[in-house]
Every structure is written in C-alpha cells, then in structure tokens.
Amino acid sequence: MTQSDLLEGLNPPQREAVTHAGRPVLVVAGAGSGKTRVLTRRIAYLVSQRDVHPGSILAITFTNKAAAEMRSRVIDLVGNRARLMWVSTFHSACVRILRSEIDAMGFRKTFSIYDDTDAKRLMTLVARDQNLDPKKFPPRALLNWVSNCKNELITPDQAIAKASGLDEVRAEAYKAYNERLRAANALDFDDLIMTTVLLFQQHPEIREAYRRRFRHVLVDEYQDTNHAQYLLIKQLCGDLGPDDGLPDDAPRITPGELMVVGDSDQSIYAFRGATIRNILDFENDFPGARTILLEQNYRSTQTVLSAANAVIQHNSGRPDKKLWSEAGAGEQIVGYVADTEHDEARFVAGEIDSLVDGGRAKYSDVAVFYRTNAQSRAFEEVFIRVGLPYRVVGGVRFYERREIRDALAYLRAIANPSDDVSLRRIINVPKRGIGERAEVALAMLAANEQISFADAIERAEQAPGIATRSLNQVRAFGQMMADFRAMVDAGLPASDVLEAVLKRSGMIDELRNSSDPQDETRLENLIELVKVAQEFVAQATTQDLAGQDDFEVVASTGTDGAADPGAELAGALATAQPEPDASLGAFLERIALVADSDQIPDAGADAGVVTLMTLHTAKGLEFDTVFLTGLEDGIFPHMRAMTDPAELAEERRLAYVGITRARKKLYLSRSVVRTMFGQPAYNPASRFFAEIPDDLIDWRRKESEVASWASGAAERTASARAALGSGTIFGTGRGQAIKKTLPTVNTGDRVLHSTYGMGTVVATHGSGDNAKADVDFGSSGVKRFALKYAPLEKL
Ligand code: ATP
Ligand code: MG
C-alpha cells in the first residue's frame, strides 16, 4: 500500500488524524463521521508508512467483535505481519498482561476469570457468611457497589476506611469477597483492569517494560471508558511526572503516541462507571494534546441525521455539533403506533418482508433494536411464525447455559485447583453420590485447615462425619480430576481435555440416556462447545505459525524521538510474544472474554438473517434499515429516567446511538398496550417522538388510529395517573405490577419470570391455589414456584 492509497477516501481532518505524529490526539466527532475508520487507517499507516513495528501497537476497542473487525481490516491493508499488533478490548489486553506478570501481585498465572454469574455466586456465599439480610443487602446490589469501587480503584481497605453507615457493611463484604477471590486464585472482570493498574503503579519496572513496548496506543469509544481504564492508559503512555516510582537517576522513556476517539453524545455506560469526564478532561490529563473535530457524517441520510440531532439537542450542557451529510435527504422516517407489542412485531415483520421481496434489502441489512432483552420475545414469536430468519444478540447466551457452564467449571477446576466455586459446582455433576452433606463436610475441613477445597478432597477421610460411601466417591472424583490435570501437564490441547472430561465425567452418557427432550439440545450444545475448542486449537496453531514467520521483522520506532529503545524494544517484544498456545488455560481465557458483554454473531454466520439486539449492543455498528421499537415513556426512556434528569440524558444518548445506526431507512414504532410481567401496561408515547420534527416522519398509523379498546384503556390509565400525581401506576420496581394468578401450566411450557428470565416447566404439583411448578431456568437452575404468587408469565 502506498501512502496515497492509505489516505484515499479520507477528508482533510481525517487525514490529519491518520498522519499526525507526536503529542497525544483526541478525535471528537458525532456518530458515523469516520472515527473508527480513522483509527483503523492510522494503524495501517503507522505500519506501512512510519515503519512502526506491529508488535508495538496496542489498539483498544469496545467489543471483541469490533476488535476482530479492526484486526482483519488492518491485515487487509498491510498484510499478515499486522497480526503481531494487539487489537483487543481492555479486558483482553489486561488478561494478556496479567498472564505474564500477575505473580508480582500474589496470584498464580493460572488464575480463573469469574464472570458475572460466578461473581454473584461468590457474593451470595459471602453475604451468607456475614449473616447479611438478603432483602437489605441483595448480593447483586453488593456486587454493583464493589464494582463501583473497583472502577474507581478503591481497595477494600480504603473502602472500609472511608465508609459510614450501611456502606461499612458493604465495604466489609467487599473485603471478604476479595479475600475469597484471592484464595480461589480468581479475578472478576473489574479486577482485570484494577489489578493491571495496581501492578503498574506498584511495580514501575514492569510498567516501564510495557511503556517501552507499546509505542502507539489507540482507543475507540473513549467516551465509555471508566476511571480505572483511564488510569491504565495513563500508566501506559501518559506523562507520569516525578511520581513515576522510578529512581531519580533512572533513564526515562518518552511516552508512546496516544490517539483516542469518541463522542460524548454516545456515552451510554454510566451505569458501569463510564465517565465522559475522560473526554472532557483529555487536554488536562494529557498536556499538550491536540483535538481534531470531524463534522461530516458518511453513514446516514440527512433525514436520519436531522432526527438524531433534534433529539440530542434536548440534552443540556453539551457543545453543539454541526454534523452534516452529503447523502441527500433520503427517505422519510416511518412512524407506527401499534395496539399491542404483537401488532408492533407483525408490522415490523411485514415491512421487512416487503423490503426483501421487493429486492430493496437483504435480511442482513436489517436490524431491530429495543431497550431491554425481554422485548425480543414478541418479535421472536412473530418471526418464527412467519418464517423470517433472525438472530438475537445477547439474551440467554450460549455460555450461560447450564450444561456449558458445567463443562467450563470442570475445565476451570482442572486448570486452577484453587477455584473452589467451580469445583463445588461440579463435584456432584452428573450425580455421583456426593451429596450436600459430604460437600459441607469437605467445606468444613477446608475451612478448619485453611486449605483449598481441592486439597480437602485429597484428605477427604479427615472430613468431619463423612460417610464411607461418599468417601469412596470423593476419592474416585479426586482421582479423575488428577488424571485430567495430568493430561494438561502433558501438553494436550484444550479440545482433547474437554472431550475427555465430557466422556469420563459421565455428562455425555447422562444426557444420552435421558428421555427429556431438552437434554438432546443440551447434548448438541456440548458438542458445539467441543467444536469451539477444536476451532480454537486449530486457529491457535496456525496463527502462531504466521506470527513466527513474521517475527523476523526488525523493530523500529520511527521518528518518535524516544530515548532509543532499539535493541531493548526487540527484546521486550520477544519476551512478550506469546508462545503457540492451544492449552486449556488459553482456551478458558478466550471463552471468559467472549462470554462477556458482547455476543454479536460472526459476519459470516449472519449473512442471511435479521439482527435483533438491545440498543446498548448496537453501538459502533451500522445497518441500511433500522427499526427502533418500544418507544414508550417507561420503556424507552426507561422507567428510572422518569424522575432522574441524569438518567433521562443517558437514555437520550442511547436514542441518539440507535437512530444514527441507520444508513438509509429508519422506522420508529411504539405500542399502546404492552404486557409486562403478565399484566397489560399502558404507557404514553415516548417523549423522543415529540422531539423529532414531525415533517421528518411519515406516519403509517397514528395515535388517533389506535383501536378504541386500547386507547380507551390508555386514557383511563392516564387519568388514574394524573389523579395519583405520579409518572406511573405500576411502580418502579420489577415485579411490582404482578398480581395476577398464572393460568395452569403443563410440563414443557415456556414461561417468563421477572427475575430469572425464560424457563421451561419440568414438573407440576398440586392444583388450584396450591398449584406449584418446577421451572428450569438453565444457568440459574431449577426453581419451584407457587403459581398463585409467582411473577411468572406463560409464553
Ligand atoms: P460511530 O460514532 O457510530 O462509532 P464512527 O465515527 O466510528 O461512527 P465509522 O464507523 O468509522 O464512523 O464510519 C461510518 C461510515 O462512514 C462507515 O461506513 C465508513 O466506512 C464511512 N466513512 C467514513 N469516512 C469516510 C470517508 N471519508 N469517505 C467515505 N466513507 C467514509
Ligand atoms: Mg465507531
């Protein structure tokens, strides 16, 4: 690629951003103005025009999917050697660093990564140990509190020192939770970032090695970084001043070049601790920084842009951006008011059909967005009925299914014997006669002797009151786990270990011999997991070969004037270069990270399907046709935003993100009646409708055309609300609206629970007021409910 090829298709400010050298640079611009394109081109430009070694580039994206795309795009532009660069999410980058360095922080390199479900399990145990009232201190709320601390880099001791009132209890729970994580040699997601920052702060020599290595750091979606992530970037390429922890006379390396891109109007993760402060303070945080503005939008028609601009202008305290498009006015936005959510789904399906039949769209060009995962159901029902191919992003995910979590728990307990949570999950899966009593006896032994659960299994005969029969089973289980570990030590690839686990543990046989039709699906899922492992192993081996070929490329730092890292850099690269790694540990790491927030299907796999996703997952993506649905006050904007201006502003940014995903055609729809938790809810039209100039909208069905039964009921609700003087008569909490008795259910029925989500009835007991049902919620397990009271809805 020549220089002019690389700069082709860029406007002047985009070019400046791509070719800029030296001081830190911030690119701020509205949606669709080419921020991500600039970042990608810049990497290609660095490699091919400034002779930057790909191994000295670190690019951070928001999702794994975005990372994969950016990576392949750069490889297209400059060839295979680009494989040596790090393009990943913050989490993946930190895992990679921690796998090499974490022993300095007192963990072993085989550490486990606890996902959200594991973390909640652990917090539940902690709360129980501390005799906390789960009503006052729900484990989920405790975890959120802990997460906020970690995002602000507050350690348990610091939290305890500054806590007062109820927070004292939370801070103690934080401390206990972290101690148990450490004992299990495990980190949760927030720890990945926090531990890396602390590592760099406490071990300047390690930090210096990475500063020397990463001469170029690039960050996409900077508006959604939190404080810990900001500190990480600062440690990697900021000016640390005299407090850098190095001896006064130690040589200092010039910080690497930093480019961040973002849009404060698209900040939608405040609830996870993201702060646009990072964008606003960029010039203070990185002195001498330069800011580049992009103003032309290349994605959308002027109509779509005008709608987006009109909505976002209702947020106060933001600089006005002049985003414009050359794409022409394009088609009007289509507005539709449905009677019910099923009608809304039918309308969407009908429109997609006619677009596709008329040759005006492919299924893959179309996306349907909604505010919360549960809203996908109405669309799914209709799409299945009319045979419209679709894929839901998020929702009950593959890696959250019970059988998958069981299999992964085996692998994790094998890779990391200290991982008590995983080990206890599978000690009796499938059932092998190690009952709860035996498990408790082992747990007591572990607690008394201050040893891990795995060690307690080794010494099971000392467990207080353990029955002989259980003892034999525990020994057999311990032996089996030891055999699996021997496979890992012998260097067998992850897929082999997984297959051995599934066979020898009896998981496969149990499912094969079952007559429950769901078990067939479970078996298929496990087979799919084996496939995932095989692909991983195949990929790991080929990629590393490519890496080896290219590794001859000699590092050069170009013109950044660094205190010549030369040979040292090459050395740093060589040591930090990962070994060919098809191991179990590497596989688990991959899984832990893809099982995180983003589950966007691969480009290849979704060529012919409509994409259904929440607005949050849609960030950074674009589609020719977008349906933005459920535009009702109380749904979108969300209930919480009704009383809180900050929340409302965030919802508005989410609307801005949603609208600006559309290239050509945008649909906005709402439904007058929506069933929520088994009860009809009547919500007024979203205020975002009123914020869009009416001449941009072509109304296919208006409020005035709504069926009389629906509008009548809605009016009565509205006057009841007015009489109550509050925003809603349904309260703000989930489940509060449920008063109705569930009709009878039968084994096999699909039901929706307000907390556990979708499940399947596996057994029923009693009748009338005493009717109960056992419901399998996959990863959340099987629960029994009195139908009279349970917040269940039959699907
Ligand atoms: P978002 O804020 O949604 O993340 P963005 O600013 O990252 O958007 P991109 O996704 O990089 O924007 O670009 C939006 C679309 O415009 C893409 O399809 C991209 O290929 C195209 N594009 C960007 N710059 C140009 C240009 N100079 N000429 C033609 N097309 C461009
Ligand atoms: Mg982008």
Side-chain angles (χ1 to χ4, degrees), residues 4-19 25-45 59-63 65-74 76-77 87 89 218-225 259-269 274 276 279 292-302 304-305 307-309 311-312 318 321-328 330 364-365 367 369 598 600 603 613 615-626 628 653-664 666:
S4 62
D5 288 341
L6 277 173
L7 297 180
E8 198 182 313
L10 297 176
N11 63 33
Q14 287 179 329
R15 276 177 200 208
E16 275 187 51
V18 167
T19 55
V25 57
L26 163 72
V27 178
V28 267
S33 55
K35 297 183 294 298
T36 304
R37 178 185 266 214
V38 160
L39 216 100
T40 310
R41 287 287 181 94
R42 178 173 171 88
I43 300 173
Y45 185 86
I60 304 280
T61 59
F62 204 71
T63 62
K65 157 93 169 161
E69 260 176 26
M70 186 172 291
R71 206 182 163 75
S72 74
R73 187 84 196 92
V74 176
D76 283 352
L77 290 169
V87 183
T89 61
L218 307 97
V219 187
D220 201 358
E221 310 277 5
Y222 192 65
Q223 76 280 358
D224 279 322
T225 49
M259 167 178 276
V260 307
V261 312
D263 176 5
S264 45
D265 287 335
Q266 294 186 67
S267 161
I268 53 174
Y269 280 94
I276 53 174
I279 282 211
I292 296 179
L293 304 173
L294 307 178
E295 292 182 334
Q296 180 169 0
N297 171 296
Y298 292 92
R299 177 181 295 146
S300 310
T301 64
Q302 187 58 49
V304 168
L305 272 189
N309 285 338
V311 169
I312 199 68
R318 51 178 288 282
K321 294 203 199 85
K322 302 185 262 342
L323 205 56
W324 56 279
S325 163
E326 262 175 6
S364 53
D365 297 334
F369 300 154
D598 65 308
I600 296 163
M613 63 172 102
L615 285 153
H616 278 98
T617 2
K619 198 168 63 148
L621 306 180
E622 55 187 27
F623 297 88
D624 280 353
T625 303
V626 163
L628 195 47
R653 291 192 291 270
L654 198 54
Y656 177 79
V657 168
I659 294 171
T660 53
R661 299 308 95 199
R663 285 204 196 100
K664 298 184 178 137
L666 176 65

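Note that ligands are numbered from 1 as they come in the structure, with each ligand's atoms numbered from 1 the same way. Bear in mind that the values here come from a model prediction, so they are computed numbers and not experimental data. Below, each value reflects all heavy atoms present in this structure, side chains not excepted, and no hydrogens, waters or symmetry copies.
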Item to complete: Report the C-alpha separation of E221 and Q223 in whole Å, then their side-chain angles, then the decisive distance to 0.1 Å, and conclude whether the side chain to side chain donor-acceptor pair (under 3.5 Å) test is met.
Response: CA-CA 5 Å; E221 310 277 5; Q223 76 280 358; 2.8 Å; yes
Practice prompt. Report the C-alpha separation of R73 and E69 in whole Å, then their side-chain angles, then the decisive distance to 0.1 Å, and conclude whether the salt bridge (charged side-chain N to carboxylate O under 4.0 Å, His left out) test is met.
Written response: CA-CA 6 Å; R73 187 84 196 92; E69 260 176 26; over 6 Å; no
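Look at E622 and R661 and you find no salt bridge, because none of the NZ, NE, NH1 or NH2 atoms lies under 4.0 Å from a carboxylate O. Between D224 and K619 a salt bridge is recorded (basic side-chain N to carboxylate O distance below 4.0 Å). Residues R663 and D624 are paired through a salt bridge, judged by an N-O separation under 4.0 Å between the basic side chain and the carboxylate.
Those atoms of ligand 1 that come under 4.0 Å of a heavy atom in R661, given as number and element, are 3 (O). For ligand 1, the atoms sitting less than 4.0 Å from at least one non-hydrogen atom of E622 are 14 (C), 15 (C), 17 (C), 18 (O), numbered in the order shown with element in parentheses.
Residue-to-ligand polar distances place S33 within reach of ligand 1: an N/O pair is separated by less than 3.5 Å. For ligand 1, the polar-atom distance check against G34 finds a nitrogen or oxygen pair separated by under 3.5 Å. Taking any N or O of A31, backbone or side chain, none lies under 3.5 Å from an N or O belonging to ligand 1.
Put simply, part of L10 is less than 4.0 Å from ligand 1, judged by heavy atoms. Ligand 1 lies out of reach of R663, whose nearest heavy atom is not under 4.0 Å from it. Ligand 1 has no atom lying under 4.0 Å from any heavy atom of A29.
The nearest protein atom to atom 26 (C) of ligand 1, hydrogens excluded, is given as G9 O, 3.2 Å; this is a heavy-atom distance. Atom 19 (C) of ligand 1 has as its closest protein heavy atom R37 NE, 3.8 Å. Atom 8 (O) of ligand 1 has its closest protein heavy atom at G32 N, 2.9 Å. Of the protein's heavy atoms, Y298 CD2, 3.5 Å lies nearest to atom 29 (C) of ligand 1. From the protein, the heavy atom lying nearest to atom 10 (O) of ligand 1 is R299 NH2, 3.1 Å. Nearest protein neighbour of atom 5 (P) of ligand 1, counting heavy atoms only, is K35 N, 3.4 Å. Atom 24 (N) of ligand 1 has as its closest protein heavy atom Q14 NE2, 3.1 Å.
Considering every non-hydrogen atom in both M259 and A17, the closest pair reads CE-O, 3.1 Å. Here the closest non-hydrogen pair linking Y656 and A308 is CD1-O, 3.6 Å. I43 and A59 get closest at one heavy-atom pair: CD1-CB, 3.8 Å.
Within the 4.5 Å cutoff, the side chain of V311 has heavy atoms near those of the I659 side chain.
Sorted by first and then second residue, the side chain to side chain donor-acceptor pair (under 3.5 Å) pairs with a member in residues 31-41 read T36-D220; sequence neighbours excluded.
Residue T36 touches ligand 1 through backbone and side chain together, judged by heavy-atom distances below 4.0 Å. At a heavy-atom distance under 4.0 Å, no atom of K619 approaches ligand 1.
Protein atoms of type N/O/S that fall under 2.8 Å from the Mg ion (ligand 2) number 1 in this view.
Within 6.0 Å of atom CD in E295, more than 12 heavy atoms from other residues, nucleotides or ligands are found, so the atom counts as buried in its surroundings.
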